[in-house]
Amino acid sequence: MWDAIIVGAGHNGLACAAYLARAGKRVLVLESRERIGGACTIEEPFPGVRMSPCAYLAGLLHPLVVKELQLPQRGFTWTPAVNGLFVPFLDGSSIQLWDDDDKCEAEIRRFSSGDLEGWRAMNDIIRRLRDALRPADENDTWIGDAPTREEIEDRLGSDEEARKLLFDWSMAEFVERYLRDERLHVAYLGQGVIGTNASPFDAGTASIRFHHASGRLGGIPGMWGYVKGGMGIVSFYFCDAAREAGAVVAAGVPVAAILPSEGVLLEGGERIAAPVVISNADPRRTLQMLGGSAESVWKAKIETVPIEGCTVKLNVLLDELPNFTARPGVSEAHHFGQINAPLTKSEWKDGFAAARSGKLPGHLWCELYFQSVHDASVVPEGQHTMSVFAQYVPYRFAEGTWDGRRDEVRKLALDSIGRFCSNMKTAVIDAQVLGPPDIEEKVGLTGGHIFQGECLPPYMWSNRLSARTPMEGVYLCGACTHPGGSVIGMNGRNAAMAVLKDMQQK
């Protein structure tokens, strides 16, 4: 007899298991795949090359989880991506948006001096919002139950700009309000739609920018970084913490049904008993496992959350780094941060419309990351990895299938990068292409949505799913719960704390 069964060994499920086991509970984690970690794992897409198939960079991983589960003692080290965001433009100009304020101000002054004050004001809003909602202490709203709109309003007080950023503005409204140079607009637009099936011209997308800038990894506000060994090793550290505390993690064991207050039924027909079942699966898959046991109002809420993905992930092996014509070289400062292959405003609009109608756009917005420049251990000597996160692509094509059009998507993505580079065609050794259906099949995320459902304002904070469900003994711990998507770990911690509190009250 187990105290709790966790369905799914993604990073949040493993974090949840670690907290429950450390509290003395008998915990069993069941994972349908042979490999743990879900979207945040390590695989070998090419011989001798280690990459995480979906997750690629740390930033929102919660410092409290890092500390409590003793990740540094387990080997967790990371390199801050202080070189920020590099964006080349088709006119031959470029900008390096450093994470160091002084260096970035100097770059803005060189690039578009009239935008310096607006750039400062734009970043100050994010700073104010982060300090109000995510202070570096126990008052962080990501810890515990989600705050209501009224509680958020109380924290923001009279800061109307912060309120608009969090709930109302499109990303285009946000940048156009503060910046004049259109190149700066398009440099930032992608930061408002990461993993989001919405246009940067759609209301609420500016909140996506805040979500991804709200972390405090390593105590550094808004910082992202490269984890030594690859991003997926974070899940392995969580697994170590869980097993060390006494949890049992079983891979290759698919769950067919969740039986509220009773346990689970395996696909092989075996029943495993436990009064508590915590699902790290996405909410649609959880509904399927609950079947007729799902409470009707809760089920209806889940079915209203958009969960169709629009991103394609490419894991690329290179024999040299991209040589950007705006700043030539294959080992430059920009290769140590992240890089965007931008779209013009009309390309953004046309691309989103095309994908929504089941077609491929003329170009993709691509965000590029190079793990190998920070950690050469992940590739054979002389080679490099490039993680490409791109959108928009359709979940299903109006004509053809992903199996039939995968090579076309591969060419589109590499060409979208290649129009800013001189060597893309010769630098690529191989590329793995994962569209939304591939992510769905490979990782188990319905719709291929990397955040288990949209993270736009109507689906965040107290509107996001709670760890507690109306079904007796059934909980959620994945990205569908507060505080939302990305590799955070707090979703798993919050669920564990809810379970422990409920156990104490019985």
Side-chain angles (χ1 to χ4, degrees), residues 1-33 36-38 64-65 68-69 143-145 235 237-268 270-283 285-291 293-295 298 444 452 465-482 488-506:
M1 184 70 175
W2 302 90
D3 294 316
I5 294 171
I6 296 172
V7 180
H11 79 278
N12 277 310
L14 294 165
C16 184
Y19 280 102
L20 290 175
R22 283 158 63 100
K25 304 304 176 185
R26 292 163 295 181
V27 182
L28 173 64
V29 183
L30 300 174
E31 169 58 44
S32 62
R33 299 174 66 206
I36 64 151
L64 187 60
V65 177
E68 291 177 338
L69 298 187
I143 302 173
D145 294 337
S235 294
Y237 293 141
F238 284 169
C239 188
D240 288 346
R243 294 178 66 199
E244 181 183 281
V248 174
V249 181
V253 185
V255 172
I258 294 173
L259 312 173
S261 76
E262 296 179 19
V264 299
L265 174 67
L266 303 184
E267 284 190 1
E270 182 183 357
R271 286 176 179 250
I272 304 180
V276 168
V277 177
I278 307 141
S279 178
N280 189 37
D282 71 69
R285 297 217 169 198
T286 302
L287 275 182
Q288 291 172 7
M289 287 184 282
L290 282 165
S293 300
E295 192 270 338
W298 183 78
Q452 292 193 350
L465 293 172
S466 168
R468 294 181 174 91
T469 78
M471 287 70 66
E472 180 69 24
V474 178
Y475 297 78
L476 300 174
C477 71
C480 62
T481 64
H482 176 69
I488 297 174
M490 186 51 69
N491 313 63
R493 184 187 190 276
N494 286 342
M497 296 304 120
V499 170
L500 293 171
K501 184 176 181 179
D502 294 349
M503 284 179 169
Q504 289 171 356
Q505 292 177 348
K506 289 184 177 180

### Query
Is it true that a side-chain atom of Asn12 and a backbone atom of Gly478 form a donor plus acceptor pair closer than 3.5 Å?
no
### Message
In the structure I gave you, are the side-chain heavy atoms of Pro275 and Glu262 within less than 4.5 Å of one another anywhere?
### Response
no
### Message
I'd like to check the side-chain contact (heavy atoms from CB on, under 4.5 Å) partners of Gln504; sequence neighbours left out, ordered by chain and number.
### Response
none
### Query
If you measure from CD1 on Ile278 to SG on Cys477, what distance do you get to the nearest 0.5 Å?
6.5 Å
### Task
Grab the two heavy atoms, one from Ala495 and one from Ala467, that are nearest each other, plus how far apart they are.
CA-CB, 3.8 Å
### Message
Evaluate Trp2 against Lys25 for side-chain contact (heavy atoms from CB on, under 4.5 Å), listing each step before the verdict.
### Response
CA-CA 8 Å; Trp2 302 90; Lys25 304 304 176 185; over 6 Å; no
### Task
Would you mind reporting whether Asp3 and Val276 have side-chain heavy atoms less than 4.5 Å apart?
no
### Query
Between Val29 and Val248, is any pair of side-chain heavy atoms under 4.5 Å apart?
no
### Query
Are any non-hydrogen side-chain atoms of Tyr475 and Thr481 less than 4.5 angstrom apart?
no
#### Entry: Close side-chain approach of Thr469 and Glu295, heavy atoms under 4.5 Å
no
### Query
Does Leu259 reach the side chain of Val264, with side-chain heavy atoms less than 4.5 Å apart?
no
### Task
Check whether any side-chain N or O of Glu267 sits under 3.5 Å from a backbone N or O of Ala256 as a donor-acceptor pair, and report yes or no.
no
## Note on the structure
For Gly144 and Asn494, the nearest pair of non-hydrogen atoms, with its separation, is N-OD1, 2.8 Å
### Query
When rounded to the nearest 0.5 angstrom, what is the spacing between CD in Gln452 and CG in Leu476?
8.5 Å
#### Entry: Minimum heavy-atom distance between Ala245 and Ala18, given as atom pair plus value
CB-O, 4.3 Å
### Under 3.5 Å donor-acceptor, Glu31 side chain and Ala251 backbone
no
### Message
Any side-chain to backbone donor/acceptor pair from Thr286 onto Ser279? Under 3.5 Å, distance only.
### Response
no
### Query
Between Met1 and Ala273, what is the shortest heavy-atom contact and its length?
SD-CB, 3.6 Å
## Note on the structure
dist Asn280:CG -> Leu14:CG (nearest 0.5 Å) comes out at 7.5 Å
## Note on the structure
Shortest non-hydrogen pair, Val65 vs Tyr19, comes out as CA-OH, 3.5 Å
### Query
Under the side-chain contact (heavy atoms from CB on, under 4.5 Å) criterion, do Phe238 and Val249 qualify, and how do the steps go?
CA-CA 11 Å; Phe238 284 169; Val249 181; over 6 Å; no
### Query
Rounded to the nearest 0.5 Å, what separation is found between the CD1 atom of Ile6 and the SG atom of Cys16?
4.0 Å
### Query
Just by modelled atom types, is the Gly263 backbone N or O under 3.5 Å from a matching donor or acceptor in the Arg271 side chain?
no
### Query
Among His482, Met497, Arg468, which residue meets the side chain to side chain contact (heavy atoms under 4.5 Å, CB included) test with Asp145?
Arg468
#### Entry: Nearest-0.5 Å distance that lies between atom CG in Leu69 and atom OH in Tyr237
13.5 Å
### Query
Are the charged groups of Arg493 and Glu68 less than 4.0 angstrom apart, N to O?
yes
### Message
I need the Arg26 CZ to Leu20 CG distance, nearest 0.5 Å.
### Response
12.5 Å
#### Entry: Short side-chain to backbone donor-acceptor contact, His11 and Ile488, under 3.5 Å
yes
### Message
Any non-hydrogen side-chain atom of Val7 less than 4.5 Å from a side-chain atom of Leu30?
### Response
no
